[in-house]
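Remarks on the structure that follows.
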Amino acid sequence: MIKETHMSRILITSALPYINGIKHLGNLVGSQLPSDAYARFMRGRGHEVMFICATDEHGTPAELAAAKAGVPVAKFCADMWQVQKDIADGFRLSFDYFGRSSSQRNRNLTQHFAGKLADNGLIEEVSEKQVYSNADRRYLPDRYIEGTCPNCGFENARGDQCENCTKQLNPTDLINARSAISGSTDLEVRETKHLYLRQSAMRDDLDKWIDKQEGWPILTTSIAKKWLHDGDGLRDRGITRDLDWGVSVKRGTEDWPGMEGKVFYVWFDAPIEYIAATAEWADANGLDDMAWESWWRTDKGAEDVHYVQFMGKDNVPFHTLSFPATIMGSGEPWKLVDFIKSYNWLTYEGGKFSTSQGRGIFMNQALDVMPSDYWRWWLLSNAPESSDSDFTWESFQGGVNKDLADVLGNFVSRVTKFCRSKFGEVVPESGAYGEAEAAVTAEIAKRLKAYEKYMEAIEIRKATAELRAIWVAGNEYLQSAAPWSVYKTDPDAAAAVVRFALNLIRLYAVLSSPFIPDATAKILDAMGVEDAGWPDDLDAALSTLPAGHAFSVPDVLFAKITDDRRVELEEQFSGTA
RNA sequence: GGGCCUGUAGCUCAGUUGGUUAGAGCAGAGCGCUCAUAACGCUUUUGUCGCAGGUUCAAGUCCUGCCGGGCCUACCA
């Protein structure tokens, strides 16, 4: 067996959930969950992992959500951060740090990057016309302006596009334009100055950088290529906004004349928070700057870091183009991403998850009705990797009951209970292993190799299929070894089978830890072991529990979802509740 | 309108650079087992690989057209 001895440092970031509300399962499966499984796997393999996430707190929707809740936006964000943090903990998301894009660290870094970009001639001041709502006392983003479509007469067209005839619009095209926030028609067009990031000047560099990447998902590269080459090619992008809540526009630590009262655009500061959150991690742990810079500065130790980003497909342009443009344009040796894993959408019972219609399942509700392991397993074994995938309660019930309860849970149950009844709650010592044990070990070794390969390639669905096959191998082995009948004539031989099967249980706990960490913990606790080390040597791993080692029969690991319960849940989540 | 993805067994999906009788899980059927959460194991039925052409000794795999599903299209994030 080839042993991987090279330890790497792996930096993992999950797309930042927006602060304005509780996210639904589609958001969870699109970045946080797969990144967590990957992080747990890599830690298990002995790599040094830095796993970062944070809330994305700036922008118009946050301000509006706070106003609706009747609290100051800063307080709203602080409260919602706590809510999201608690839910993330509930799903056992093992972030090394869960930061906030409104942190002082991020303010400083965002201003720093803007300053460097300006120094390098990559920032341009552009004077443009923007719609201002007197009633709302704010500038309105295009899509917050509604009116009648000049093309088709649809009355609820938005300022960026008419949803009815799909025609692209400018807010000033709308007839009887009104604020989508207040409905006020007291709008005026004002001249306002903004900073633009000259992405067009970096197009060729970005293009070459994208071309250099190997093995990136088509979903990732095709979106990047489209933006790079569509029409006149990559366009410059406004990176400031006329808002109150955000990182104030500064050039490094200096004021930026003409930019008073403006903030950076949320999409400019959000990815920088990946870096800033790592700095927040260092601060929170009383470490110096080198601690986080060694992950992000190639001149300070990050040259050997492998950096992987996870995100939904809507995030791809910002991570393949805008953020790299910011990094490259700074002229400083910041770490660029090595691999971008992007996900399609999860749909709910054949339709879209909808916040406004209350359709689908939100993260807090999910934890209220089912344990985290159930969600983790179903969502990851059905992750929308190659195309959108559909959540149905029937599929969820089937997957959980069959895979977790029948295949894995019942295996643990039948082995431990049989042992208890014949040999007591102690690993039996007599008997010797033979061909059957060697055969199943070989089978698991083969599967394990495939499992590891898929995890390293971040092909999560395939990895779960291999893991499941490893569980199945245990049942196959037990069935053919049949200790319950062997016991009648040869108790020693039965003891050897049980000893081996108990060791399989411990192995399964370890191998399953990226996906179902709670069950892993319960099993290891019941088996009375601390050692959760990844098996580099399978034979050694399968003799971890020595003869005479005490264990206990765990409670039912995965209670099945009954048909009645499923129907109940279908009704509860049917929408417009 | 433009771009991209996708259409393989009843369901969910695998099918590497084109190469022998197209695979897995679930569901269905039969048999076995009785340690176990009525759990487990074995065997097994089902496919004009969306449709129509084309290239090739050979196409689920490449090309063209058509039909269906989905996403993106830059000031929501």
Side-chain angles (χ1 to χ4, degrees), chain A residues 15-20 27 56 58-62 64 128 130-131 139-145 158-161 166-168 170-171 180 194 199 217-219 221-223 225-227 229-231 234-238 241-242 265-267 270 312-318 321-322 344-345 347 352 381-382 384-390 392 394-395 398-399 401-422 459 461-462 464-465 468-469 472 474-485 487 494 497-498 501 553 555-560:
Chain A
L16 310 187
Y18 196 64
I19 196 72
N20 67 343
N27 300 114
D56 175 18
H58 297 136
T60 307
L64 296 178
E128 58 187 16
Q130 192 84 54
V131 174
Y139 283 91
L140 297 176
D142 289 358
R143 73 169 49 198
Y144 281 97
I145 302 159
R158 289 192 321 221
D160 55 343
Q161 184 175 36
T166 73
K167 188 177 169 61
Q168 309 260 350
N170 287 314
H194 281 294
Q199 299 185 139
I218 290 172
L219 187 62
T221 50
S222 67
I223 292 173
K225 282 289 180 183
K226 172 66 163 49
W227 282 51
H229 300 296
D230 190 40
L234 188 62
R235 294 176 226 166
D236 295 341
R237 192 167 188 115
R241 292 290 184 274
D242 289 293
Y265 175 40
V266 56
W267 261 115
K313 57 187 168 184
D314 55 331
N315 276 293
V316 169
F318 302 99
L321 303 169
S322 308
N344 288 286
W345 304 131
T347 55
K352 287 183 182 174
S381 59
N382 292 279
E385 287 185 311
S386 56
S387 63
D388 293 351
S389 65
D390 190 35
T392 66
E394 199 179 345
S395 169
N401 287 355
K402 194 70 201 172
D403 299 346
L404 295 184
D406 294 347
V407 176
L408 177 61
N410 182 58
F411 178 75
V412 173
S413 188
R414 66 195 297 206
V415 170
T416 53
K417 285 180 179 171
F418 179 75
C419 183
R420 180 173 62 185
S421 76
K422 304 301 181 197
E459 296 195 52
R461 283 178 89 125
K462 290 179 182 173
T464 60
R468 184 188 190 282
V472 167
N475 281 312
E476 286 169 358
Y477 163 74
L478 208 60
Q479 188 66 32
S480 64
W484 47 87
S485 55
Y487 181 81
V497 173
V498 169
V553 174
D555 292 335
V556 167
L557 287 170
F558 307 101
K560 289 200 193 192

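Everything quoted here is computed from the prediction, not taken from an experiment. Residue numbering restarts at 1 for every chain, and letters A, B, ... go by the order of the sequence lines. Note: hydrogens, waters and symmetry copies are ignored here, and every other heavy atom, side chains too, is used.
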Any N/O donor-acceptor pair, N410(A) side-chain to A39(B) base, under 3.5 Å =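 A donor-acceptor contact between them is absent.
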
Rounding to a whole Å, what distance do you find between [X]:[atom1] and [N]:[atom2]?
{"X": "E476(A)", "N": "A39(B)", "atom1": "CD", "atom2": "P", "answer": "18 Å"}
{"X": "K225(A)", "N": "C71(B)", "atom1": "NZ", "atom2": "C1'", "answer": "20 Å"}
{"X": "N401(A)", "N": "G25(B)", "atom1": "CG", "atom2": "P", "answer": "18 Å"}
{"X": "N475(A)", "N": "G25(B)", "atom1": "CG", "atom2": "P", "answer": "14 Å"}
{"X": "E459(A)", "N": "A24(B)", "atom1": "CD", "atom2": "P", "answer": "20 Å"}
{"X": "K462(A)", "N": "G23(B)", "atom1": "NZ", "atom2": "C1'", "answer": "13 Å"}
{"X": "W345(A)", "N": "C72(B)", "atom1": "CH2", "atom2": "P", "answer": "6 Å"}

Span that lies between the [atom1] atom of [M] and that of [N], in whole angstrom:
{"N": "U8(B)", "M": "U48(B)", "atom1": "P", "result": "11 Å"}
{"N": "U21(B)", "M": "A58(B)", "atom1": "C1'", "result": "15 Å"}
{"N": "A9(B)", "M": "G15(B)", "atom1": "P", "result": "15 Å"}
{"N": "G47(B)", "M": "G3(B)", "atom1": "C1'", "result": "33 Å"}
{"N": "C49(B)", "M": "U44(B)", "atom1": "P", "result": "23 Å"}
{"N": "G19(B)", "M": "U73(B)", "atom1": "P", "result": "37 Å"}
{"N": "U64(B)", "M": "U56(B)", "atom1": "C1'", "result": "16 Å"}
{"N": "U16(B)", "M": "C26(B)", "atom1": "P", "result": "24 Å"}

D160(A): what forms a salt bridge (Lys or Arg N to Asp or Glu O under 4.0 Å) with it, not counting sequence neighbours?
->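 Scan of D160(A) (salt bridge (Lys or Arg N to Asp or Glu O under 4.0 Å), adjacent residues dropped) gives R143(A), R158(A).
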
Kindly say if K313(A) contacts the phosphate of U73(B), meaning a side-chain N or O under 4.0 Å from OP1 or OP2.
-> no

Any protein N or O atoms within reach of nucleotides 3-7 of chain B? Criterion: under 3.5 Å, listing atom names and distances.
unit_1, atom_1, unit_2, atom_2, d
C4(B), O2', S222(A), OG, 3.2

With sequence neighbours excluded, residues passing side-chain hydrogen bond (donor to acceptor under 3.5 Å, both in side chains) with [X]:
{"X": "T221(A)", "value": "none"}
{"X": "Y477(A)", "value": "E437(A)"}
{"X": "R241(A)", "value": "none"}

Each base of RNA chain B marked ( ) or [ ] if paired in-strand (Watson-Crick or G-U under 3.5 Å), | if paired to another strand and . if unpaired gives (((((((..((((.....[...)))).(((((.......))))).....(((((..]....))))))))))))....

If the condition is side-chain contact (heavy atoms from CB on, under 4.5 Å), which residues does [X] pass it with, not counting sequence neighbours?
{"X": "K462(A)", "result": "Y454(A), E459(A)"}
{"X": "L64(A)", "result": "T60(A), R138(A), Y144(A), I181(A)"}
{"X": "K226(A)", "result": "D230(A)"}
{"X": "S485(A)", "result": "A482(A)"}

Taking only the side-chain heavy atoms of V472(A) (C-beta and beyond), determine which of C72(B), C26(B), G41(B) contains the nearest atom.
-> G41(B)

Could you tell me whether F411(A) contacts a base, only the sugar-phosphate backbone, or nothing, with contacts defined as non-hydrogen atoms closer than 4.0 Å?
-> nothing

Please work out if K402(A) contacts a base, only the sugar-phosphate, or nothing of the nucleic acid, heavy-atom cut-off 4.0 Å.
->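 Sugar-phosphate contact only.
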
Could you go over nucleotides 75-77 of chain B and give all protein N or O partners under 3.5 Å, atom names and distances?
unit_1, atom_1, unit_2, atom_2, d
C75(B), OP2, R237(A), NH2, 3.2
C75(B), O4', R241(A), NH2, 3.4
C75(B), O2', D142(A), OD2, 2.8
C75(B), O2, Q130(A), NE2, 3.1
C75(B), N3, Q130(A), OE1, 3.4
C75(B), N3, Q130(A), NE2, 3.4
C75(B), N4, E128(A), OE1, 3.1
C75(B), N4, E128(A), OE2, 3.1
C76(B), OP2, R143(A), NE, 2.3
C76(B), O4', R143(A), NE, 3.4
A77(B), OP2, Y265(A), OH, 3.4
A77(B), O3', D56(A), OD2, 2.4
A77(B), N7, W267(A), NE1, 3.3

Detail all sub-3.5 Å separations between protein N/O atoms and N/O atoms belonging to nucleotides 33-35 of chain B.
unit_1, atom_1, unit_2, atom_2, d
C33(B), O2', W484(A), NE1, 3.3
C35(B), O2', R414(A), O, 3.1
C35(B), O2, R414(A), NE, 3.1
C35(B), N3, R414(A), NE, 3.4
C35(B), N3, R414(A), NH2, 2.6
C35(B), N4, R414(A), NH2, 3.2

Distance (rounded to the nearest 0.5 Å) between N315(A) CG and S322(A) OG =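 Going from CG on N315(A) over to OG on S322(A), the span is 10.5 Å.
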
